Amino acid sequence: MATNADNLRASRTEPGRGPTYDLPDSHGHFGPYGGMFVPETLMHPLEELRAAYAACLADPNFQAEMDADLRDYVGRPSPLYHAERWSRELGGAQIYLKREDLNHTGAHKVNNTIGQALLARRMGKTRIIAETGAGQHGVASATVAARLGLECVVYMGEVDIARQEANVYRMRLLGARVVPVTSGSRTLKDALNEAMRDWVTNVDNTFYIIGTVAGPHPYPMMVRDFQSVIGREARAQILERAGRLPDALVACVGGGSNAIGLFYPFIEDREVAIYGIEAAGEGIATGHHAAPLTAGRPGVLHGNRTYLMEDANGQIIETHSISAGLDYPGVGPEHAWLKDSGRAHYDAVTDDEALAAFHHLTRTEGIIPALESSHALAYAHKLAPTLRQDQIILVNLSGRGDKDMHTVALHDGLVL
Amino acid sequence: MSRIAQRFEQLRERGRTALIPFVTAGDPAPEVTVPLMHAMVAAGADLVELGVPFSDPMADGPVIQRATERALAMGVSLTHVLEMVRQFRERDAETPVVLMGYLNPIEVMGYEAFSRQAQASGVDGALIVDLPPEEGHDLIETMKSHGLDLVYLLAPTSTEARIARIGGVASGFVYYVSVKGVTGAGHLDTEAVAGQVRLIKSLILLPVGVGFGIKDPETAASVARGADAVIVGSAIVSRIETLADTPERIPETIADFLAGLRHAIDAVDALPEPRTAE
């Protein structure tokens, strides 16, 4: 079986593709973005992590172990589903859904936690920590920790704990300790701060599994590599099914791991348009949103330089999204670079638009999507009618909506 | 020679270990900070570290996190902190002031604007927790051109190669973080710290300050045996917190606490044997 590294090499040398994209550089920079903006205590541990990851990439046994886990434990490859009824109704492009919602634990997050947990074990770490917003990454971390017999501590903002009770219970069932974070805005960014504080304190025996393509180098690169199984599969699947590449990719962007996972293997396919969709919350104009690429500006947070939501003094401001997984004031540095370079386009959809798409897909295709993924669906809903019927939009359905029942019901005036 | 270098030079001649208190600027209210700085100098502080509040202080423990939240609630920004230093300089032209904080407020102000305004306000240097030398080149150059020192952290995890490299780019002094952890973190292993400080001093020429985990005269004295400076933050800030409702009592209370530390450090400095054993 071809390994991740083999696949990456193969896709780069395929005839007819664009110039080689080889970011980040050796210090984790994507143009001016990325890097390693962390306290001195973490610099050497990050270097050890980078070296350990490089050794794993070169080790066929690691790749084989990872590929077997993705197949037998996660259930990969995930299907590519042609949403025919929805496409017909919109009357434009054919919409295909990459079904990451069908993965074990219900979202794309597990692709990454499998890889990082195997790496943690190779490095001899006995304890893993993670931050989580919607709880999907926390669940995916607790899941792999249970399987490998590692201690697991998950940091989660108090606000998110209240809106994602079911996932909190799942993590506890899996044996993880869920630590409520009460500082700052009590959401994902504060959970990340707290996880960093834990790591700096317990760095000898602890591996920090970051759930998105943010944080200091090598995390944005490593998480991208682990998640890019999504795009590699999708690219092969659409070529087999439709005999050609899609016209457009659409994925939601919070930190941006599901999006980069889909986008990365298509970056050199210049004819494929790439759309990353942020959370416009109550509307960009209201200021109550979580769309740093759309309405923020560059700064430094959580170990990397990227687009941020901040005030005039450089203080990070509170974000809003109906979806906890998108409620983050920063974004992966590679997305910042893809935006500036023009290779990808970023836009935002509101809570209401995402909710409408949530209901629409549920009723039209019998698939209940996560609220995060519903942002991508809402954009596809607008984009499809502008394209011809022989064109193709490939949407990353990054997670399933079971975790969002309470949120959606509450919005509809019900209490479950 | 910078004001920081001058100060360490004077201290070395007098055989005195520096005492460096840290307070978060604007905690619990902006008008407290300047009188507090003067009171600390009068009580024996040789250099003052002023924390610049940031919304996401990922290297700080709960005590300084809460101080930061109190200051931010009062609207304290980097611009206000520079203004506080300017006011401090009206009555004290001697004591070096180092800003300590995170990079983003400086990114937003711009490296050139920050360096120019900091110099004009009488700031002597900055310690930026989340700016390792790998990312610091542009800011170092800009600060240097305005006569400002960039103070770097060293940690228990710093390899000899890193220590030497940081010694090559840092100026003023280096700040050894004595424990793996956040500010205000637990137990200080004074023997391990002494060994590490000896290692650092064998690799670089700058004065070495030690901070994190220094809570009382005993820990201050033990650190003073090997270090050139004793840095105390959370122990001061937690005392400020208990007096947040009676801010008029803060300068005197903190001065008393520092005087106790100063006394313990002076006793070590007066010992006849060489301060760095072996």
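A note on names: the letters A, B, ... follow the listed sequences, proteins ahead of strands, and every chain is numbered from 1. Since we're looking at a predicted model, the values are computed, not measured.
The backbone N or O of Lys180(B) lies less than 3.5 Å from no partner atom in the side chain of Thr201(A), so there is not a single donor-acceptor pair. Using modelled atom types, one side-chain atom of Glu135(B) and one backbone atom of Met36(A) make a donor-acceptor pair closer than 3.5 Å. In this structure a side-chain-to-backbone donor-acceptor pair under 3.5 Å is missing from Thr157(B) to His44(A). Counting only distance, with no hydrogens or angles, the side chain of Asn104(B) and the backbone of Gly314(A) share a donor-acceptor pair below 3.5 Å. Side-chain atoms of Arg197(A) do not come within 3.5 Å of backbone N or O of Gly181(B) as any donor-acceptor pair.
Against chain A, the residues from residues 106-124 of chain B that qualify, each with a non-hydrogen atom under 4.5 angstrom away, are Glu107(B), Val108(B), Tyr111(B) in number order. Chain B is approached within less than 4.5 Å, heavy atom to heavy atom, by Ser183(A), Gly184(A) from residues 179-186 of chain A, ordered by number. Contacts between residues 213-220 of chain A and chain B, defined by a heavy-atom separation under 4.5 Å, are made by no residue at all.
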Salt bridge (Lys or Arg N to Asp or Glu O under 4.0 Å) between Glu40(A) and Arg162(B), intermediate numbers included: CA-CA 10 Å; Glu40(A) 173 62 20; Arg162(B) 289 194 64 78; 2.8 Å; yes
Passes side-chain contact (heavy atoms from CB on, under 4.5 Å), Phe54(B) versus Ile316(A)? Steps please. CA-CA 8 Å; Phe54(B) 179 52; Ile316(A) 307 306; 4.0 Å; yes
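Between chain B and the residues Val203(A), Leu42(A), Thr41(A), the largest count of heavy-atom pairs under 4.5 Å involves Thr41(A). Listed options Leu192(A), Ile317(A), Asp204(A) were ranked by heavy-atom pairs under 4.5 angstrom with chain B; first place goes to Asp204(A). With chain A as partner, the option from Ser77(B), Pro132(B), Ser158(B) having the largest number of non-hydrogen pairs under 4.5 angstrom is Pro132(B). Ranked by heavy-atom pairs under 4.5 Å with chain A, the first of Val179(B), Leu153(B), Val177(B) is Leu153(B).
Residues Asp130(B) and Val38(A) form no side-chain contact, since every pair of their non-hydrogen atoms from C-beta on lies 4.5 Å or further apart. Looking at heavy atoms from C-beta onward, Asn313(A) lies out of side-chain contact with Leu78(B) at the 4.5 angstrom threshold. The shortest distance between side-chain heavy atoms of Met58(B) and Lys189(A) does not fall below 4.5 Å.
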Indicate every side-chain donor-acceptor pair of residues 292-300 of chain A with a distance under 3.5 Å to a residue at least two apart or in another chain.
unit_1    : atom_1 : unit_2    : atom_2 : d
Thr294(A) : OG1    : Glu278(A) : OE1    : 2.7
Arg297(A) : NE     : Glu310(A) : OE2    : 2.9
Arg297(A) : NH2    : Asp311(A) : O      : 3.0

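Both the backbone and the side chain of Pro57(B) come within contact range of chain A, with heavy atoms under 4.5 Å apart. Of the two parts of Ile128(B), neither the backbone nor the side chain holds a non-hydrogen atom closer than 4.5 Å to a non-hydrogen atom of chain A. Proximity to chain B (any heavy atom under 4.5 Å) is shown, for Glu47(A), by neither the backbone nor the side chain. Within the 4.5 angstrom heavy-atom criterion, no atom of Ala195(A) approaches chain B.
Taken to the nearest 0.5 Å, the CE atom of Met43(A) stands 12.5 Å off from the CG atom of Leu154(B). Summarising the geometry, atom OG belonging to Ser55(B) is positioned 9.0 Å from atom CG belonging to Asp190(A); distances are rounded to the nearest 0.5 Å.
By the 6.0 Å contact criterion, CD on Glu31(B) is enclosed, its count of non-hydrogen atoms from other residues, nucleotides or ligands being greater than 12.
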